[in-house]
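Protein chains get the first letters and strands the later ones, always in sequence-line order, with residue 1 at the start of each.
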Protein chains: 2
Amino acid sequence: MGEHSHQLVRLLDELGRITDEPGRLTRTFLSPAMERANHLVGGWMREAGLTVREDETGNLIGRLESPQAGAKTLLLGSHLDTVRNAGRFDGALGVVLPIVALAELKSRGVTLPFHVEVLGFSEEEAVRFSGAYIGSKAFTGRLRVADLRLRDARNHTLLEVIEAHAEKRYTPPKAAHHKSNLLGYFEVHIEQGPVLEAKKLAVGVVSTIASQARGRLTFRGKAGHAGTTPMNLRRDALAGAAEFVIFAEAFAGARPPLVATVGTINVPGGAANVIPGETVLSIDVRHPDDAICDAALAELVRQAQRTARQRQLVCEWEPTMRHSATPCSPELTKQLARSVRAVQGKSLTLMSGAGHDGVVLAALTPIAMLFVRCRDGLSHHPDEYASPKDLDVALRVVVDFLERLGAEK
Amino acid sequence: MGEHSHQLVRLLDELGRITDEPGRLTRTFLSPAMERANHLVGGWMREAGLTVREDETGNLIGRLESPQAGAKTLLLGSHLDTVRNAGRFDGALGVVLPIVALAELKSRGVTLPFHVEVLGFSEEEAVRFSGAYIGSKAFTGRLRVADLRLRDARNHTLLEVIEAHAEKRYTPPKAAHHKSNLLGYFEVHIEQGPVLEAKKLAVGVVSTIASQARGRLTFRGKAGHAGTTPMNLRRDALAGAAEFVIFAEAFAGARPPLVATVGTINVPGGAANVIPGETVLSIDVRHPDDAICDAALAELVRQAQRTARQRQLVCEWEPTMRHSATPCSPELTKQLARSVRAVQGKSLTLMSGAGHDGVVLAALTPIAMLFVRCRDGLSHHPDEYASPKDLDVALRVVVDFLERLGAEK
């Protein structure tokens, strides 16, 4: 491991101690800890030669100008906010690693033939406000008036919070860049899943940020006395729901990379001695292809209704969320895979089942993502961990990627 | 329908309006409504020729002495307390119907060669105190010092509540009767289940009050991100639990009259986008035979553990309740079935999956129970309903039963 990898580990540790809640890591939109984090990371940017500014929504933006005439800009970044009781890699890694990569290039005297902006987005996790991606939406000119009406737990609107922080009136700006001036957006992130660990690889290349669809299924049967109702006279809502849970698992299992998850289940007003009259569950389906995701969900809902009919139950379906897939740029991804092969020997392409700032950036410019193995696939937890060795691989991949991009220009 | 059946319907309506909670029917242990109910029902007992007393625990006891020398006593009864927001038949029917039956015998000038006591127990539903059967336990000399330490929601002990009501010190008494002086205990109750409705019969004879066993199963797997964890790398606690729910249903369904119910299920801390790391469910098993009930529960727990092993989950089992079966007296039941055949044309024997005061009385004397069809098998609900026609059948069965018992003596 080189000196810069050691520095990367140290900086992530230091940033991981900046928190709004003593004893655990929590940084939310425009909070005091977010201001301190921006101050700390902004200092590291300056040391790496970047000029630093912050926009009204708390996005931290470090820019390294290329001496090249007519150069375009490559965006690199992720978010600096966290969930409550977070780990220190989710988001932070994608901001700090590019800074260290640029510091390394600087120390070797390498100049790039394109401008670089390192972005620390102020809000991706939707902890303070219920809508995610406030930072990247503001940066890309996609923050809407409806977003500004979102309210936090203290009943302040997003607009009030931004204006209080900026100490002036705020109107959502246009995108910080015109499409034609951009080379693309590149994000490094921990995988938040177990695939790289299972394949024994430090890093992998993301093909697509998956399509997501989510909703609620309610099975209704007939509540009854658990002791006095024979099995053949029951209309047990939970039994129907359980059959669906098993079906959904097998259905997705037979169609990788489709995933289907029943994350919550509940018998409202249930008791140990009462046959469930109603059962409510959530279903979450993801696939890199929008059409396959939608078709899978439709088939799952049809199966739930078939199961309900067979059991003389009623099944109600209520969709609650739908995000289209965001494909990564084939060109950037191909170049990234080349760097991964150069450093790690082989490359692996995998989908991202989680959403990322790249989903928003993709509307403005081609995107690419590098995933880094994390222990047990764990994220959003204080035990979240990426090893120094894997961080070293990731850093070398990013340096190689920047140099290859530069060589091509 | 005869005059006395009409009276039975009227009295049940009247008693159903005596409540502690305006707008819904609730009568709990030694409450003001229970005092008013005892006063009302005691008046009906006196009109039917009974002498009436109340014991320290609020049990209402009406006695009709036989002129016969050396006569024994037949006990008839049920409870006058209710669940919250109750129906007007559960409990009340088994107290009021015998009074009306005795009134009818009196109007026809029939005297019985045995004494009769009609019992309105003060507590069976365990609403005010968490232990059920306080009334019948006190009557049968089975109230223990541990029971007296039970506390209600206002933190008063059962002993304090009894002593405040009785206005004197209270020591649990011996049984009100010696075994050798009793003919048995006979209880009329709504079925609280759908069997009689399915068989199109007004009444049926109970063979046994079932054995009950209950506990909690906890499946533990590994929480994970619903988007980033492929199906084949999951250890989904809910999927294991769902498999168990389906197994339990099929297992009991193949072994009538066994019943098995998963009434509650929960994913603690679950969210739509998180693979369940833990799932907790309740299991309730009932069968007329203790050994079969225990063996069935043991097999269900073994299957839960097999399922868990196959899925790399852990399964924990915690028993929470176990009641032995209470068989009804073969002799009394045979006589009761004869009366049912005489009135209804055919008889049907069924188990009681619910507990009743008879469970406690059985320790003192042989018991018999008559079930009356209730609409949709519904009980513990304001819509609880037994039709006047079915009540008429039940009344005629009880009158016939008393006369036949008398003829045999």
* **Toward chain B, the part of A/A272 with a non-hydrogen atom under 4.5 Å** => both

* To do: Tell me, for A/M351 versus chain B, whether the close heavy atoms (under 4.5 Å) come from the side chain, the backbone, both or neither.
  => side chain

Enumerate, including both backbone and side-chain atoms, all donor-acceptor pairs under 3.5 Å from chain B to chain A.
residue : atom : partner : partner atom : Å
B/Q192  : O    : A/T228  : OG1          : 2.3
B/T228  : OG1  : A/Q192  : O            : 2.2
B/R234  : NH1  : A/A260  : O            : 3.3
B/R234  : NH1  : A/T261  : OG1          : 2.7
B/R234  : NH2  : A/T261  : OG1          : 3.2
B/E249  : OE1  : A/R311  : NH1          : 3.4
B/E249  : OE1  : A/R311  : NH2          : 2.7
B/E249  : OE2  : A/R311  : NH1          : 2.7
B/A260  : O    : A/R234  : NH1          : 3.3
B/T261  : OG1  : A/R234  : NH1          : 2.7
B/T261  : OG1  : A/R234  : NH2          : 3.2
B/R311  : NH1  : A/E249  : OE1          : 3.4
B/R311  : NH1  : A/E249  : OE2          : 2.7
B/R311  : NH2  : A/E249  : OE1          : 2.7

* Tell me, side chain or backbone of A/V262 under 4.5 Å from chain B's heavy atoms, or both, or neither? -> both

* To do: Would you mind telling me which of B/A260, B/G377, B/G269 has the largest number of heavy-atom pairs within less than 4.5 Å of chain A?
  => B/A260

* Return the option, out of A/G355, A/G240, A/A271, A/G277, with the maximum number of heavy-atom pairs under 4.5 Å with chain B. => A/A271

* **Residue pair A/A239 / B/V245: nearest heavy atoms and the distance that separates them** => CA-CG1, 4.0 Å

* Asked: Of all of B/L378, B/L238, B/V195, which one pairs up most often with chain A through heavy atoms under 4.5 Å apart?
  -> B/L238

* To do: Sort B/L258 into side chain, backbone, both or neither according to what part of it lies under 4.5 angstrom from a heavy atom of chain A.
  => backbone

* **Structural part of B/P256 lying under 4.5 Å from a heavy atom of chain A** => neither

* **Least distance between heavy atoms, A/G263 atom then B/V267 atom** => O-CG1, 3.7 Å

* For B/A226, is it the side chain, the backbone, both, or neither that has a heavy atom closer than 4.5 Å to a heavy atom of chain A? -> both

* Heavy-atom pair with the smallest gap, counting every atom of B/V259 and A/P230 -> CG1-CA, 4.0 Å

